Amino acid sequence: MPVKIATWNVNSLKVRLPQVLDWLATEEPDVLALQETKLTDDNFPELDIQAAGYHAVYSGQKTYNGVAILSRQPADAVLRDVPDFDDPQRRFLAATVAGMRVINLYVVNGQAVDSDKYAYKLAWLKAVGEHLANLCRSSMPLVVLGDFNIAPKDEDVHDPAAWRDRILCSKAERSALAKFTGLGLTDTFRLFPQAEKSFSWWDYRAAAFRRNLGLRIDLILANPSLAAQCTACVIDTGPRKLERPSDHAPVVAEFELWERNGP
DNA sequence: ATGGTGGCGCGGCCA
């Protein structure tokens, strides 16, 4: 039976809640990882999410950041902090859903390569990578998804020359992401033929979406046991076309899960 | 054009 796992940076769940509820009703994902909810936990719209038929776990803060995992099946073993990394910013949320470990990341943006925020980004990625290295010792199905704020390769950038060595594209950021994939975590989008200039984020400014001046920075990574069962990964640009959209589009991966004994 | 737009929250930060 197919399983749909999705990620969406909503840039304020308060503003985007109607779009999220519509999207859940239409797409019926089994898991939806949200980033930039920008809500404290006491303001999380739990009742609306429950009414839509989803469980929710979340780790929020005011104004910035905030992550959540919505799921058809209940989530347990919830982890809200990057292990061994002191971080007041709510960017990490892990939970187990129906036997699958789900790691939802809102990776630090980094602002500029010479900034303190960039150093924080690299330190954050290193700490997350160490946690993933531990998880990858297990054969349990593992999906690592979210807003990575890194375009993996030049093919994920509308104008690679203009973006070279800038944040989201710098060598150190791509190297940090390569450490994730080096653990055996596969970028599921690239398991399949895709249109050229496929992006998941477009700046609000300069009519970037209309001109398709974007980057692919929202990713769904899967460990070997799960990647072997991946049947599709697509970017849904539909919500980006709506009135008052997020600057990110949802990304959806499908898996044809077979029984533990094999296909 | 070193800008542009959007969210939060009401001045300025962040993306």
Side-chain angles (χ1 to χ4, degrees), chain A residues 7-23 32-45 48 58-68 82 87-93 104-125 128 145-152 156-170 172-174 176-177 199-219 235-251:
Chain A
T7 179
W8 191 5
N9 179 324
V10 290
N11 185 22
S12 170
L13 183 56
K14 182 179 177 182
V15 172
R16 234 64 68 190
L17 182 62
Q19 292 183 18
V20 170
L21 294 174
D22 284 351
W23 196 81
L32 174 58
L34 301 174
Q35 303 86 36
E36 284 204 89
T37 57
K38 299 186 175 180
L39 287 170
T40 52
D41 289 349
D42 55 318
N43 286 316
F44 193 88
D48 296 286
Y58 36 87
S59 179
Q61 68 179 88
K62 199 161 87 110
T63 311
Y64 302 119
N65 310 312
V67 283
V82 181
D87 187 8
Q89 300 192 18
R90 303 292 82 193
R91 301 178 169 278
F92 176 94
L93 184 61
N104 179 14
L105 303 180
Y106 175 45
V107 175
V108 179
N109 174 284
Q111 196 167 62
V113 292
D114 57 355
S115 69
D116 291 346
K117 294 189 179 74
Y118 183 78
Y120 164 53
K121 180 176 196 170
L122 295 181
W124 193 91
L125 285 164
V128 171
L145 76 174
D147 176 359
F148 281 69
N149 269 319
I150 303 172
D156 303 305
V157 181
H158 69 92
D159 186 346
W163 282 83
R164 190 164 319 282
D165 297 327
R166 290 175 55 194
I167 55 152
L168 316 187
C169 298
S170 73
E173 289 163 84
R174 286 179 170 172
L177 179 60
F199 307 127
S200 66
W201 168 83
W202 303 260
D203 199 300
Y204 282 121
R205 296 165 288 190
F209 180 67
R210 182 178 58 71
R211 300 157 68 199
N212 197 30
L213 306 181
L215 302 180
R216 190 176 69 92
I217 56 177
D218 299 271
L219 310 178
I235 298 167
D236 181 2
T237 56
R240 189 65 177 81
K241 299 170 182 169
L242 299 173
E243 290 293 317
R244 214 175 178 192
S246 169
D247 45 350
H248 295 252
V251 182

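Residue numbers begin at 1 in each chain, while the letters A, B, ... track the order of the sequences. Given the structure is predicted, the values throughout are model-derived calculations rather than measurements.
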Rounded to whole Å, the CG-C1' distance (A:L213 to B:dG4) equals 12 Å
When the P atoms of B:dG9 and B:dA15 are considered, how many whole Å apart are they? 15 Å
With side chain to side chain contact (heavy atoms under 4.5 Å, CB included) as the test, pick out the partner of A:L125 among A:N149, A:L177, A:V107. A:V107
Distance check: side-chain N/O of A:S12 vs OP1/OP2 of B:dC8, anything under 4.0 Å? yes
Does a side-chain N or O from A:R244 land closer than 4.0 Å to OP1 or OP2 of B:dT5, or not? no
Can you spot which of A:R91, A:Q89, A:R90 makes a side chain to side chain contact (heavy atoms under 4.5 Å, CB included) with A:Y106? A:R91
Need one value for A:R91: base, sugar-phosphate or nothing, where a base atom within 4.0 Å counts as base even if backbone is also close, heavy atoms only. sugar-phosphate
Atom-to-atom span, CG of A:D203 to C1' of B:dC14 - whole angstrom: 12 Å
I want to confirm an ordering. Mapping A:P245 and A:K117 to their closest nucleotides on DNA chain B, which one lands closer to the 5' end? A:P245
Heavy-atom nearest nucleotide on DNA chain B for A:Q89 versus A:A206: which residue maps closer to 5'? A:A206
Kindly indicate, with the supporting measurements, whether the criterion side chain to side chain donor-acceptor pair (under 3.5 Å) is fulfilled by A:D87 and A:W124. CA-CA 9 Å; A:D87 187 8; A:W124 193 91; 3.0 Å; yes
Phosphate OP1/OP2 of B:dG9: any A:K62 side-chain N/O under 4.0 Å: yes
Rounded to whole Å, the CD-P distance (A:Q111 to B:dG12) equals 17 Å
OP1 or OP2 of B:dA15 sitting under 4.0 Å from any side-chain N/O of A:R205? no
Expressed in whole Å, how much space separates the C1' atoms belonging to B:dC14 and B:dG4? 15 Å
Spacing of A:Q61 atom CD relative to B:dC13 atom C1', expressed in whole Å: 13 Å
Let me know the distance between CG of A:N43 and P of B:dC8, rounded to the nearest Å. 11 Å
How many whole angstroms separate atom CG of A:L168 from atom C1' of B:dA15? 10 Å
Distance in angstrom units between A:E243 CD and B:dT5 C1', rounded: 14 Å
Of all heavy-atom pairs linking A:Y58 and A:L93, the shortest is CA-CD2, 3.8 Å
Write down the distance separating the P atoms in B:dC13 and B:dG3, rounded off to the nearest Å. 14 Å
Scanning both residues in full, the closest heavy-atom pair of A:Q35 with A:N9 reads OE1-N, 3.2 Å
Nearest heavy-atom pair of A:F44 and A:L39: which atoms, and what distance? CA-CD1, 4.3 Å
At under 4.0 Å, does any side-chain N or O of A:T63 touch on OP1 or OP2 of B:dG7? no
Would you indicate what A:Y106 reaches in the nucleic acid, counting non-hydrogen atoms under 4.0 angstrom: base, sugar-phosphate, or nothing? sugar-phosphate
Can you tell me whether the side chain of A:Y64 and the base of B:dC13 have a donor-acceptor pair closer than 3.5 Å? yes
Atom-pair distance (CG on A:L17; C1' on B:dG7), nearest Å: 16 Å
